[in-house]
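Bear in mind that the values here come from a model prediction, so they are computed numbers and not experimental data. Values reported hereafter were calculated over all heavy atoms of this structure, with side chains retained and with hydrogens, waters and symmetry mates removed.
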Amino acid sequence: MSIYSCLLETPSAQVYQALRIGSGLSAKTDEAAARGLPNSLFAVQILHGAHPVGMGRVIGDGGCFFQVVDIAVLREHQGKGLGKRIMGEILQFIETHVPESGYVSLIADGPAQNLYAQFGFVHTAPRSVGMAYKRPRPADT
């Protein structure tokens with residue numbers, strides 16, 4: 001049987017990028033990872049032995065707004081309850097550190113919404129909907 005443990009620590013940029021790509025999430029640049037990761041309010045990694053195989057983070061302003069991001073488990077470790085373990089650690093952080101009026105949100109991709117619903121997250125539509133800004137790309141020259 002495989003042994004998994006939790007590490008309540010922000011991953012390195014290298015580990016972060018590997019977990020995003022290996023789980024099917026989009027890649028982030030070295031610059032983006034280096035800038036963003038130190039600003040995590042909370043982070044958890046799932047280790048298989050000494051090797052990170054999953055992660056999740058909470059970002060935000062620390063008082064009013066919190067967003068759950070980067071829930072990722074390497075494909076070969078999916079289906080073993082690790083996403084639930086990550087969300088359990090995140091929920092414990094939320095319950096302990098988020099003020100009563102704090103707004104906690106996330107963007108659920110596809111069937112991941114079923115996982116998040118198990119932890120009390122609900123759809124906000126039609127009252128509000130998630131939106132993202134798409135930066136224009138320079139014209140090909």
Side-chain angles (χ1 to χ4, degrees), residues 1-140:
M1 175 179 259
S2 298
I3 302 295
Y4 293 99
S5 61
C6 287
L7 174 63
L8 303 181
E9 184 176 289
T10 303
S12 68
Q14 181 182 15
V15 166
Y16 173 78
Q17 292 167 311
L19 288 173
R20 282 192 61 89
I21 293 166
S23 67
L25 298 178
S26 62
K28 299 295 181 193
T29 64
D30 291 342
E31 178 186 8
R35 282 189 189 187
L37 289 170
N39 297 311
S40 302
L41 297 175
F42 176 79
V44 57
Q45 295 176 63
I46 300 294
L47 306 179
H48 180 250
H51 304 286
V53 299
M55 68 174 174
R57 296 191 307 135
V58 177
I59 60 173
D61 65 14
C64 296
F65 298 97
F66 300 80
Q67 187 171 30
V68 177
V69 297
D70 296 325
I71 306 302
V73 176
L74 294 179
R75 287 184 180 102
E76 59 270 25
H77 295 273
Q78 292 177 3
K80 299 179 181 183
L82 300 179
K84 287 181 183 179
R85 195 159 174 190
I86 291 166
M87 286 303 299
E89 294 291 339
I90 287 174
L91 192 61
Q92 186 174 345
F93 169 81
I94 289 168
E95 294 296 331
T96 305
H97 293 91
V98 174
E100 185 178 326
S101 66
Y103 184 76
V104 181
S105 64
L106 58 76
I107 299 292
D109 295 332
Q113 65 185 306
N114 299 323
L115 168 65
Y116 305 133
Q118 294 176 39
F119 291 89
F121 286 84
V122 297
H123 289 253
T124 58
R127 184 171 167 223
S128 59
V129 296
M131 297 179 73
Y133 176 71
K134 294 288 188 178
R135 293 174 68 170
R137 294 190 173 220
D140 293 336

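Shown are Ile59, Ile107, Leu25; of these, the side chain to side chain contact (heavy atoms under 4.5 Å, CB included) with Val69 is made only by Ile59.
For the ring pair (Phe, Tyr, Trp, His ring centres under 6.0 Å) condition, the pairs that include at least one residue of residues 22-42, sequence neighbours left out, are Phe42-Phe93. The stretch residues 101-118 participates, sequence neighbours left out, in no salt bridge (charged side-chain N to carboxylate O under 4.0 Å, His left out) pair at all. Applying the salt bridge (charged side-chain N to carboxylate O under 4.0 Å, His left out) rule to pairs touching residues 41-51 yields nothing, sequence neighbours excluded. The stretch residues 12-41 participates, sequence neighbours left out, in no ring pair (Phe, Tyr, Trp, His ring centres under 6.0 Å) pair at all. Applying the salt bridge (charged side-chain N to carboxylate O under 4.0 Å, His left out) test to every pair with at least one member in residues 21-31, sequence neighbours left out, gives these pairs: Glu31-Arg35.
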For Ile94 and Val68: C-alpha separation, side-chain torsions, deciding distance, then whether side-chain contact (heavy atoms from CB on, under 4.5 Å) applies.
CA-CA 10 Å; Ile94 289 168; Val68 177; 4.2 Å; yes
Show the numbers, then the answer: is there a side-chain contact (heavy atoms from CB on, under 4.5 Å) between Ile71 and Ile90?
CA-CA 10 Å; Ile71 306 302; Ile90 287 174; 3.5 Å; yes
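The side-chain contact (heavy atoms from CB on, under 4.5 Å) search around Ser105 returns Gln67, Tyr103, not counting sequence neighbours. Under the side-chain contact (heavy atoms from CB on, under 4.5 Å) criterion, Cys6 pairs with Val44, Ile46, Arg85, Glu89, not counting sequence neighbours. Residues that satisfy the salt bridge (charged side-chain N to carboxylate O under 4.0 Å, His left out) test with Arg20, not counting sequence neighbours, are Asp70. Ile21 pairs by the side-chain contact (heavy atoms from CB on, under 4.5 Å) definition with Ala27, not counting sequence neighbours. Among residues two or more places apart in sequence or in another chain, the side-chain hydrogen bond (donor to acceptor under 3.5 Å, both in side chains) test is passed with Ser40 by Arg57.
A distance of 8.0 Å separates CG in Asp61 from CG in Leu41, rounded to the nearest 0.5 Å. In this structure, Met55 CE and Ile86 CD1 are separated by 8.5 Å, a value rounded to the nearest 0.5 Å.
The two residues Ala43 and Pro11 have their closest heavy-atom pair at CB-CD, 4.3 Å. Between Pro38 and Ala34, the closest heavy-atom pair is CD-O, 3.2 Å. The shortest heavy-atom contact between Leu19 and Ala72 is O-CB, 3.9 Å. Nearest heavy atoms, Tyr116 versus Ala108: CD1-CB, 3.7 Å.
Annotation: Gln118, atom CD; neighbour count of heavy atoms from other residues, nucleotides and ligands within 6.0 Å is above 12.
Taking the centre of each ring, Tyr4 and His77 come in below the 6.0 Å mark.
Side chains of Val98 and Val58 form no contact here, defined as non-hydrogen atoms less than 4.5 Å apart.
For Gln45 (side chain) and Glu9 (main-chain N/O), a donor-acceptor pair under 3.5 Å exists by modelled atom type.
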For residues 121-128, tabulate all N or O donor-acceptor pairs below 3.5 Å that involve a side-chain atom, not counting sequence neighbours.
| unit_1 | atom_1 | unit_2 | atom_2 | d |
| --- | --- | --- | --- | --- |
| His123 | NE2 | Gln113 | OE1 | 2.8 |
| Thr124 | OG1 | Ser128 | O | 3.0 |
| Thr124 | OG1 | Ser128 | OG | 3.2 |

